[in-house]
Amino acid sequence: MRLLTLKRLCLSLPGWKTINRRRTWARQNPVQAPRGTRDFAPHEMATRRLVEHTLRRVLNSFNYREIQTPAFEHLDLFLAKSGEGIREELYAFKDKGGRDLCLRPELTAPAMRFYHTRLSREPKPLRVYYLGPCYRYDRPQTGRYREFWQVGVEVVGEIGPRGHAELLALALELFSAAGLKNLVLRVGHLDVLRNLVEEMLGVPRADQAPLMRLVDKKDFDGIRTWASARGLSKPVVDKFLTVFEATRLSDLKSAVAESGAAQGAFDHLEQVLAGLEAFGAPAGRIQFDPTIARGLDYYHGLVFELDCPDLGAEKQLLGGGEYKLAALFDAQQEPTIGFALGFDRLLVALERAHALPEPDVRTDVVVASLVPEAHNTARRLAMAMRAQGQRVELDLTDRGPKKAVQRAMQIKARRVALLGQRELEAATVTLKDMDSGAQESVPLDAAAAAPT
Ligand code: HAM
């Protein structure tokens with residue numbers, strides 16, 4: 001009641017109103033891109049496309065095929081997949097027909113929807129990849145956006161530990177081809193983790209979800225509080241937590257020898273990690289991490305995350321694992337595994353490592369006709385140069401040779417091609433190299449080729 005009166009009083013103060021109006025304006029100023037979204041300038045787009053091109057090349061070399069799904073989906077697809085808890089993260093809305101829709105927060109569920117509606121008869125294993133924008137109502141900061149791009153893969157069909165090793169090798173290769181060296185791939189297995197929780201803490205799988213979320217966040221204080229609320233003794237919890245210090249498979253194997261229940265998962269992990277070595281993955285970059293729980297409940301079996309330690313809080317560049325989503329589509333469960341990487345985070349990591357590729361965005365030639373009679377010749381020359389793969393700007397201003405050269409200088413063009421009366425009569429063009437200043441007269445029919 002008192003709070004309400006105070007609020008009313010504040011609102012009645014003229015200064016407060018101004019501050020409030022400014023805040024609302026800052027939040028809703030239509031001139032600014034919405035919070036958590038970004039505009040990309042031409043040079044930024046050129047860099048993004050270069051990195052994208054490298055990633056596509058690697059994905060193609062592993063024989064993955066690209067798919068595309070819509071930017072928005074039925075809200076229920078994601079609620080059914082991840083539960084009501086995810087609603088807060090979603091950009092959900094009703095369309096004019098009253099349908100509950102949302103912008104996709106990720107692409108695994110859409111890819112599986114697509115698989116079950118149209119691709120299920122494709123020969124297995126089916127390997128697909130995607131690249132596209134995702135939307136999450138996250139708290140924006142560097143490396144975390146409300147609109148961000150994911151590049152991901154999904155494999156449907158049995159591929160076993162050998163296939164899983166190759167999938168992880170692909171994950172590493174994507175980053176290494178993009179030029180990122182400082183990274184750590186952490187690999188775990190949810191059956192190991194769940195068995196440990198079951199055997200060491202006596203918590204059945206059905207009750208493990210809240211604990212898994214704490215484990216996922218590495219919130220050890222939270223785990224202690226949760227365990228004490230369940231009446232677990234301190235020594236039991238302490239022993240459980242020491243298991244989480246393991247960074248090698250062998251550390252944990254001895255620690256849980258008495259449980260014996262996770263042996264199948266251990267064997268699986270051992271084979272994956274051994275296979276990964278043979279793919280040439282640098283051993284120093286691969287860690288066993290039993291604490292990976294992958295926040296989302298649909299994972300099981302092998303799980304993994306890849307970090308770039310240079311990025312601080314938003315260091316996770318990639319996440320994935322085996323998962324079960326077939327029930328959402330009333331379908332029989334096929335083995336499924338996949339991962340997605342945060343494309344924008346990869347770019348931030350490359351920038352921090354001074355490893356961003358430099359795109360070549362220079363204009364090759366400015367073609368300028370200096371008299372109206374030369375317009376058509378200039379048009380033909382520009383088209384011939386373009387057909388040779390050159391980036392050509394046709395100067396449309398008739399401003400004379402000096403201005404044409406100035407324009408070429410301004411936009412840092414490599415060459416300028418001048419077509420005046422003299423050139424028309426001699427069927428030549430004057431080509432000026434903007435870097436060296438050298439100028440030459442070239443027969444028109446030889447001018448379209450790029451300089452060697
Ligand atoms: P995820 O871990 O939620 O997994 O996201 C994958 C990656 O997307 C993260 O590692 C991170 O790099 C990036 N990412 C997530 N949120 C943001 C954000 N707000 N801004 C920038 N980057 C972000 C998935 O989405 C699963 N669908 C991965 C998967 C594929 N599992 C199986 N198949």
Side-chain angles (χ1 to χ4, degrees), residues 34-38 48 51 55 59 64 67 69 73 77-78 81-82 85-86 88-91 103-115 126-156 159 164 167-168 170-171 174-175 178 180 183-188 190 213 216-217 292-326 328 334-350:
R35 192 163 139 77
T37 70
R38 291 148 300 152
R48 288 173 75 87
V51 178
L55 301 184
L59 290 160
Y64 280 73
I67 56 164
T69 61
E73 295 274 354
L77 179 66
F78 298 105
K81 186 197 80 171
S82 307
I86 198 186
E88 280 180 19
E89 256 188 45
L90 296 176
Y91 277 90
L103 297 179
R104 62 184 178 202
E106 57 101 48
L107 279 123
T108 304
M112 285 302 110
R113 175 191 55 63
F114 185 21
Y115 167 75
L126 176 70
R127 294 181 171 89
V128 294
Y129 82 86
Y130 46 78
L131 194 162
C134 298
Y135 303 85
R136 294 186 192 177
Y137 198 75
D138 264 334
R139 186 185 286 266
Q141 61 185 63
T142 306
R144 198 199 296 161
Y145 310 98
R146 289 183 173 172
E147 182 188 49
F148 61 98
W149 274 254
Q150 275 193 350
V151 178
V153 306
E154 311 297 341
V155 183
V156 186
I159 54 170
H164 293 173
L167 185 92
L168 292 182
L170 166 61
L174 286 167
F175 292 98
L180 198 66
L183 39 86
V184 179
L185 174 67
R186 295 177 288 108
V187 188
L190 282 176
R213 286 182 214 290
D216 198 34
K217 286 192 222 147
I292 302 175
R294 302 286 306 139
L296 316 161
D297 313 294
Y298 56 84
Y299 286 101
H300 73 107
L302 191 78
V303 280
F304 47 91
E305 289 172 352
L306 188 144
D307 304 329
C308 173
D310 300 341
L311 290 194
E314 303 312 314
K315 66 181 178 174
Q316 197 190 303
L317 293 182
L318 172 146
E322 289 180 87
Y323 57 90
K324 287 182 176 162
L325 283 179
L328 291 187
E334 299 255 17
T336 32
I337 186 167
F339 64 72
L341 69 84
F343 184 70
D344 310 82
R345 283 191 195 172
L346 167 59
L347 279 142
V348 175
L350 287 172

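Whatever order the structure lists ligands and atoms in, that order sets their numbers, starting from 1.
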L325 CG to L77 CG distance, which is reported to the nearest 0.5 Å:
8.5 Å
Short N/O distance, under 3.5 Å, between [X] and ligand 1?
{"X": "Y323", "result": "no"}
{"X": "Y130", "result": "no"}
{"X": "R144", "result": "no"}
{"X": "R136", "result": "yes"}

With atoms numbered from 1 as shown, which atoms in ligand 1 lie under 4.0 angstrom from a non-hydrogen atom of [X]?
{"X": "G319", "value": "10 (O), 28 (C), 29 (C)"}
{"X": "A340", "value": "6 (C), 7 (C), 28 (C), 29 (C), 30 (C)"}
{"X": "G342", "value": "7 (C), 8 (O), 12 (O), 13 (C)"}
{"X": "E154", "value": "30 (C), 32 (C), 33 (N)"}
{"X": "G338", "value": "30 (C), 31 (N), 32 (C), 33 (N)"}

Sub-4.0 Å heavy-atom approach of [X] to ligand 1:
{"X": "Y299", "answer": "yes"}
{"X": "R294", "answer": "yes"}
{"X": "G143", "answer": "yes"}

Using a 4.0 Å heavy-atom threshold (strictly under), name the region of [X] that reaches ligand 1: side chain, backbone, both or neither.
{"X": "L318", "answer": "backbone"}
{"X": "Q316", "answer": "both"}
{"X": "L317", "answer": "backbone"}
{"X": "Q150", "answer": "side chain"}
{"X": "E314", "answer": "neither"}
{"X": "F339", "answer": "backbone"}
{"X": "R146", "answer": "neither"}

I'd like to check [X] versus [Y] (side-chain heavy atoms, cut-off strictly below 4.5 Å). Are they in contact?
{"X": "E154", "Y": "Y115", "result": "no"}
{"X": "L318", "Y": "F175", "result": "yes"}
{"X": "E147", "Y": "R38", "result": "no"}
{"X": "L180", "Y": "L317", "result": "yes"}

Tell me whether Y137 at atom OH has more than 12 heavy atoms from other residues, nucleotides or ligands lying less than 6.0 Å away.
no
Under 3.5 Å, is there a donor-acceptor pair between the side chain of [X] and the main chain of [Y]?
{"X": "R146", "Y": "P140", "answer": "no"}
{"X": "T336", "Y": "Y323", "answer": "yes"}
{"X": "E322", "Y": "L302", "answer": "yes"}
{"X": "R127", "Y": "V153", "answer": "no"}
{"X": "R294", "Y": "H300", "answer": "no"}
{"X": "R113", "Y": "E73", "answer": "no"}

